[in-house]
Amino acid sequence: MIIAVDGPAASGKGTIARALAKHYGLPHLDTGLLYRAVALTVMRLGLDPAVEADAVAACDFDDRLLAEAELRSDPVGQVASIVSAHPLVRASLLQRQRRFAGQPGGAVLDGRDIGTVIAPQADAKLFVKASAQVRARRRYAELHAADPSLGFDKVLADIRARDARDSGRATAPLAQAPDAAPLDTSALSIEAAIARAIEIVEAQRRRGGR
Ligand SMILES: Nc1ncnc2c1ncn2[C@@H]1O[C@H](COP(=O)(O)OP(=O)(O)O)[C@@H](O)[C@H]1O
Ligand SMILES: Nc1ccn([C@@H]2O[C@H](COP(=O)(O)OP(=O)(O)O)[C@@H](O)[C@H]2O)c(=O)n1
């Protein structure tokens, strides 16, 4: 079974995707980490994320980067949303994600374009959302511990800027697939959001006859 989990920053898609993977015994890929690894490579090499050729040069990143804590920082998230708008960057990361989705038994992937581009054939698709205020509060709680100089207003502004870039780009924009079920986690606890996600996947499986 392939499960696609998409949604904007800090909506809770990673938390839900990890829980679904555990529940169904499937491997999980956080595809955002791939774009973050490209971003961190661009930053470390002193390249310009807005220049497509620079971003493409960083797609051949060292996989050891995927385990680095710095990948999850706010600046890396911002640069990730700049490099991810380049069609050649998306093309360069496409096969790796499709291979992961296509492994025997299936997989859970979370990102922005899993249900629309990477695995449109997915057996279950969720589009996880939450208000920008709620998402900024969650992200602030995570990031403030590592960087006390980061203020809430900056986190909220960065989330809004990233939403606009991710939704507005021409190639594989953040968008709900027509056959994805929306899941608004704004007023749900983590446990309630996971329980609802499992209900949705079960309903979509029944509908698909799996
Ligand atoms: N339903 C929820 N209620 C409260 N906090 C949540 C909820 N879902 C996720 N979180 C927390 O919000 C933060 C962002 O969640 P995460 O799953 O990483 O989001 P995303 O993958 O969409 O960026 C994490 O600290 C996570 O524990
Ligand atoms: N499938 C994906 C996943 C991430 N991304 C990009 O990578 C950035 C970082 O993604 P992420 O999933 O790690 O970000 P969070 O939602 O965890 O904050 C996003 O803002 C997108 O620009 C993408 O374009 N497509």
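When a ligand or atom number is given, it counts from 1 through the structure's own listing order. Every heavy atom of this structure was used, including side-chain atoms; hydrogens, water molecules and symmetry mates were not. These numbers were taken from a predicted model, which means no experiment stands behind them.
- At a heavy-atom distance under 4.0 Å, no atom of R165 approaches ligand 2.
- Proximity of R135 to ligand 1 is not established, as no heavy-atom distance is less than 4.0 Å.
- Those atoms of ligand 1 with a heavy atom of P8 less than 4.0 angstrom away are 22 (O).
- Ligand 2 places these atoms under 4.0 Å from at least one heavy atom of A10: 16 (O).
- When hydrogens are left out, the protein atom nearest atom 22 (O) of ligand 1 is K13 NZ, 2.8 Å; that is the closest non-hydrogen contact.
- Checked by atom type, the side-chain pair T171/R90 shows no donor-acceptor distance below 3.5 Å.
- Heavy atoms of A192 found under 4.0 angstrom from ligand 1: none, in either backbone or side chain.
- Applying the 4.0 Å criterion to heavy atoms of L188 picks out, from ligand 1, the atoms 1 (N), 2 (C), 3 (N).
- In terms of polar-atom proximity, R90 is counted as a contact of ligand 2, with an N or O under 3.5 Å from an N or O of the ligand.
- A heavy-atom distance below 4.5 Å is not found between the side chains of R196 and I16.
- Between T15 and ligand 1, at least one N/O pair is under 3.5 Å apart.
- Listed by number with element, the atoms of ligand 2 under 4.0 Å from a non-hydrogen atom of R139 are 15 (P), 17 (O), 18 (O).
- Proximity of R162 to ligand 2, defined as any heavy-atom pair under 4.0 Å, is confined to the side chain (atoms from C-beta onward).
- Contacts with ligand 2 closer than 4.0 Å are made by heavy atoms of both the backbone and the side chain of S81.
- Between atom 3 (C) of ligand 2 and the options V128, L109, T31, the minimum heavy-atom separation is to T31.
- Of the N and O atoms on the side chains of R138 and T185, at least one donor lies less than 3.5 Å from an acceptor on the other residue.
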